[in-house]
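Below is one structure, written out as structure tokens, with a few remarks after it.
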Amino acid sequence: MFVTKSGRAGACIIHGPAAACDATATARCFPRTEWSAPMNGALRVGDRERTATRLIRSAARASYDPDQEIDWEAAFEEKAPFLPPERVSLYGTALWERMTEDQRIELSKHEFASQTAVGIWLELSLMHLFLRKIYHQDPRTAHARFALTEVGDETRHSVMFARLLGKMGTPQYGIPPIVHHGGRVFKAVGGGPSMWAIFLIGEEVFDRVQRASMDDERVQPLVRAVNRIHVVEESRHVRYAREELVRSMRGLGRAAMARHRLLAAVIGTAIVEFMIDPKVYRCVGLSPDAGRKAAAANPHFLETRHWLGEKIMPFLAETGIVAGPGTALWRHSGLIR
């Protein structure tokens, strides 16, 4: 069950307090974003304006105000993790077996905080890129109007996740300074296929964790409620980005293709590599280096890495953006084998 301002545990933030969020209701509220094109090298997309118009209508039907939908006064449950335990980086290790249940919950809390901080960084970066893209478009088009709608969604999401982090009281986690400052360069000059591929990696990797969490009754109700709002609104962003990636790949020359493939690999894998700030391991008495090494050698964690990419990597490979020298980076990250 999750938390809403109605005060009724299990009330559905989409269908109202009277609707139970069983498996059927969850599927109806939060449909999985699937790619409809045949996976045979013939990726096809619809008319850009028609797609944007449908997504604008979707946004009008299914946009949510976290201040109204979530009961921010609700306390965290003492014995509930912040992630499904099997998705915590040290799950299954000897270190995990020696931890108390409280320590396991605490580690899940800090890893979730780190992932959330990286998610906010990514959303802020994407808003920069989107606004720069819209700057050159006719604002009367449905395509530009949906892009503006998406920026509005991302703004709400960043505020929502920042509020959750404040309530959790964890330290400030995030990406290394060199990556943070390097992101400034990409925000200033990035675009085209690599931008869309990076967007999709960020959105769909986090979506995998959030869908698993929102459907898991072991996880903190407040975390599940936040994830539910994010998942339903991001599904339309993913549809938009998938079509734009296919369009932007058309007519690329060999040099441009190689550049975008490498950029997508470098930045896309960095997102995954830095989802967990090694400083999180201090919360259970481990040094950052010891925790990082234990996670890197953990078969369960390596399997989670592959699981994160199971939905998006086949699509990216189909478009041709995963190829060339960057393939080694994708493989090293664990997203592909």
Side-chain angles (χ1 to χ4, degrees), residues 30-45 51 55 83-84 87 115-116 118-123 125-126 129-130 150 153-154 157 175 186 190-215 227 230-249 257 260-276 301-324 326-337:
F30 305 98
R32 292 185 180 274
T33 302
E34 300 291 349
W35 185 247
S36 58
M39 301 300 283
N40 58 6
L43 290 173
R44 295 190 294 268
V45 295
T51 296
L55 295 175
L83 291 168
R87 300 306 174 192
Q115 293 173 12
T116 301
V118 173
I120 292 173
W121 168 78
L122 182 64
E123 289 187 331
S125 300
L126 292 173
L129 289 163
F130 261 60
E150 182 163 340
D153 289 345
E154 299 292 10
H157 297 164
I175 57 174
F186 188 71
S194 55
M195 179 188 81
W196 296 114
I198 292 162
F199 176 95
L200 285 166
I201 284 292
E203 296 293 357
E204 298 218 35
V205 161
F206 284 97
D207 182 80
R208 289 286 276 170
V209 178
Q210 290 169 350
R211 284 184 185 271
S213 296
M214 76 182 198
D215 292 334
N227 285 341
H230 192 249
V231 163
V232 73
E233 295 189 344
E234 289 297 334
S235 64
R236 54 182 176 260
H237 301 176
V238 169
R239 169 68 185 276
Y240 180 79
R242 284 190 173 214
E243 291 202 4
E244 285 303 304
L245 174 57
V246 174
R247 293 188 185 100
S248 66
M249 292 287 285
M257 179 72 80
H260 282 290
R261 283 171 172 168
L262 188 58
L263 266 175
V266 169
I267 302 177
T269 57
I271 292 169
V272 176
E273 293 290 350
F274 297 120
M275 282 177 70
I276 300 177
F301 183 58
L302 298 178
E303 183 57 36
T304 288
R305 281 284 187 89
H306 183 66
W307 171 81
L308 290 173
E310 275 183 340
K311 292 292 185 181
I312 185 56
M313 294 310 297
F315 171 76
L316 293 181
E318 182 77 7
T319 67
I321 198 72
V322 178
T327 304
L329 291 175
W330 293 115
R331 188 167 288 117
H332 178 75
S333 73
L335 292 172
I336 64 173
R337 290 176 174 153

With side-chain contact (heavy atoms from CB on, under 4.5 Å) as the criterion, how do H157 and E234 come out once you've worked through the C-alpha distance, each side chain's angles and the decisive distance to 0.1 Å?
CA-CA 10 Å; H157 297 164; E234 289 297 334; 2.9 Å; yes
Correct closest heavy-atom pair for I321 and P193 would be CD1-CB, 3.9 Å
Would you check if there is a donor-acceptor pair between the side chains of E203 and H230 at a distance under 3.5 Å?
no
Which heavy atom in S194 sits nearest to a heavy atom in A264, and how many Å separate them?
CB-N, 4.0 Å
Side chain proximity check, I175 to V118, heavy atoms < 4.5 angstrom:
yes
Which heavy atom of F199 sits nearest a heavy atom of E154, and at what distance?
CE1-OE2, 4.3 Å
More than 12 heavy atoms of other residues, nucleotides or ligands under 6.0 Å from NE2 of H306: yes or no?
yes
Going by an N to O cut-off under 4.0 Å, is there a salt bridge joining D153 and R236?
yes
Less than 4.0 angstrom from a charged side-chain N to a carboxylate O is my criterion; do E303 and R87 meet it?
no
Euclidean distance, I267 CD1 relative to L329 CG, rounded to 0.5 Å:
11.5 Å
Under 6.0 Å from the ring centre and within 45 degrees of the ring axis: does the NZ or CZ of R247 meet both conditions for the six-membered ring of W196?
no
Would you check if L263 and M195 make a side-chain contact, meaning some heavy-atom pair closer than 4.5 Å?
no
Identify the heavy atoms of H260 and G191 that sit nearest to each other, and give their distance.
CE1-O, 3.1 Å
Ion pair E310/R208, N-O distance below 4.0 Å
yes
Quick one: are V246 and F315 in side-chain contact, heavy atoms under 4.5 Å?
yes
Would you call W330 and I201 a side-chain contact if the rule is heavy atoms closer than 4.5 Å?
yes
For L129 and G190, the nearest pair of non-hydrogen atoms, with its separation, is CD2-O, 3.7 Å
Rounded distance (nearest 0.5 Å) linking atom CG of L83 with atom OG1 of T304:
10.0 Å
Below 4.5 Å, heavy atoms only, C-beta onward: do L245 and L316 meet side chain to side chain?
yes
Which atom pair, heavy atoms only, marks the closest approach of G320 to M257?
O-SD, 4.4 Å
Please evaluate residues F206 and L122 with respect to the criterion side-chain contact (heavy atoms from CB on, under 4.5 Å), reporting the C-alpha separation (whole Å), side-chain torsions for both, the decisive distance (0.1 Å), and the verdict.
CA-CA 11 Å; F206 284 97; L122 182 64; 4.3 Å; yes
Rounded to the nearest 0.5 Å, what's the gap from CD1 on I336 to CZ on R305? Could you check?
13.0 Å
Euclidean distance, H332 NE2 relative to T327 OG1, rounded to 0.5 Å:
14.5 Å
When you compare the side chain of Y240 with that of T51, does any pair of heavy atoms fall below 4.5 Å?
no
Ion pair present between E243 and R239, side-chain N to carboxylate O less than 4.0 angstrom?
yes
Are Q210 and Q115 packed together at the side-chain level, in the sense that at least one heavy-atom pair is separated by less than 4.5 angstrom?
no
Stepwise, does the side-chain contact (heavy atoms from CB on, under 4.5 Å) test hold for V205 with I271?
CA-CA 9 Å; V205 161; I271 292 169; 5.9 Å; no
Checking side-chain contact (heavy atoms from CB on, under 4.5 Å) for the pair R331/R337: CA distance, chi angles, key distance, verdict?
CA-CA 6 Å; R331 188 167 288 117; R337 290 176 174 153; 5.8 Å; no
With heavy-atom distances below 4.5 Å as the criterion, would you say the side chains of V322 and M313 are in contact?
yes
From CA spacing to verdict: salt bridge (charged side-chain N to carboxylate O under 4.0 Å, His left out), R242, E204:
CA-CA 11 Å; R242 284 190 173 214; E204 298 218 35; 2.9 Å; yes
